[in-house]
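Worth knowing before you read on, the calculation uses all heavy atoms, side chains too, and leaves out hydrogens, waters and symmetry mates.
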Amino acid sequence: LLLLLLPAASAEPELRFRPPAEAPVRLFTEPELARYDGHQEGQPIYLAVKGVVFDVTSGKEFYGKGAPYNALVGKDSTRGVAKMSLDPADLTHDTTGLTEEELKSLDDIFNNVYKAKYPIVGYTSRRILNEDGSPNLDFKPEDQPHFSIKDEF
């Protein structure tokens, strides 16, 4: 009887538990992203850096309504993160004119804070669409400055 059970015991066990699929990522327009600014109770809080939208709800004490970094959420705040600024003029995706030191700081914070701590829920539509909403045919993820797409998908 023992010999009959041995082959079965050494066979690959049937996988009964399947981890839930991760929520699909999506594109966010600026008005859509603005809905997730931490001002509605029970709504997730989203922040975009370098065109990547992170769910920062678990950091509600930092990003929620009235919290110290609430100005960053509901938009792509890449410039503000790079400059460590909450000035409304810096709360934009635009990285034009940033210094090498600010760009290095941006990459460090992007990789060691946001990517390490918060789930990616999508991307800003600005990354791959033209202003009129048509596809940007020249978009090549590998050509995006200060962004490594291979880690995002």
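- A donor-acceptor contact shorter than 3.5 Å is absent between the side chain of Lys60 and the backbone of Ser58.
- Side-chain contact between His39 and Asn70 is present, with at least one heavy-atom pair separated by less than 4.5 Å.
- Residues satisfying the side chain to side chain donor-acceptor pair (under 3.5 Å) criterion with Lys65, sequence neighbours excluded, are absent altogether.
- Leu47 places none of its side-chain heavy atoms less than 4.5 Å from the side chain of Tyr118.
- Residues forming a side chain to side chain donor-acceptor pair (under 3.5 Å) with Glu30 (at least two apart in sequence, or on another chain): Arg126.
- Under the 30°/60° scheme for interplanar angles, the aromatic rings of Tyr63 and Tyr69 are found to be tilted.
- Heavy atoms only, all atoms of each residue included: Val73 and Asp37 are closest at CG2-O, 3.2 Å.
- Residues satisfying the side chain to side chain donor-acceptor pair (under 3.5 Å) test with Ser125, not counting sequence neighbours, are none.
- Closest approach of Ala48 to Thr124, counting heavy atoms only: CB-CG2, 3.8 Å.
- Residues satisfying the ring-ring contact (aromatic ring centres under 6.0 Å, His included) test with Tyr46, not counting sequence neighbours, are Phe28, Tyr36.
- Atom CD of Glu41 sits in a sparse spot, with 12 or fewer heavy atoms from other residues, nucleotides or ligands closer than 6.0 Å.
- Taken to the nearest 0.5 Å, the CG atom of Leu33 stands 11.5 Å off from the CG atom of Leu27.
- Closest approach of Gly51 to Thr78, counting heavy atoms only: N-OG1, 4.3 Å.
- Annotation: side chain to side chain donor-acceptor pair (under 3.5 Å) contacts of Ser105 (sequence neighbours excluded): none.
- The nearest pair of heavy atoms linking Ala71 to Ser77 is O-OG, 4.4 Å.
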Solution key, residues 79-91 side-chain donor-acceptor pairs under 3.5 Å, sequence neighbours excluded:
residue	atom	partner	partner atom	Å
Arg79	NH1	Asp94	O	3.0
Arg79	NH1	Thr96	O	2.8
Arg79	NH2	Thr96	O	3.1
Ser85	OG	Asp87	N	3.1
Ser85	OG	Asp90	OD2	2.7
Asp87	OD1	Ala89	N	2.9

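- Rounded to the nearest 0.5 angstrom, Phe110 CZ and Leu103 CG are separated by 13.5 Å.
- To the nearest 0.5 angstrom, Lys115 atom NZ is 9.5 Å from Asp107 atom CG.
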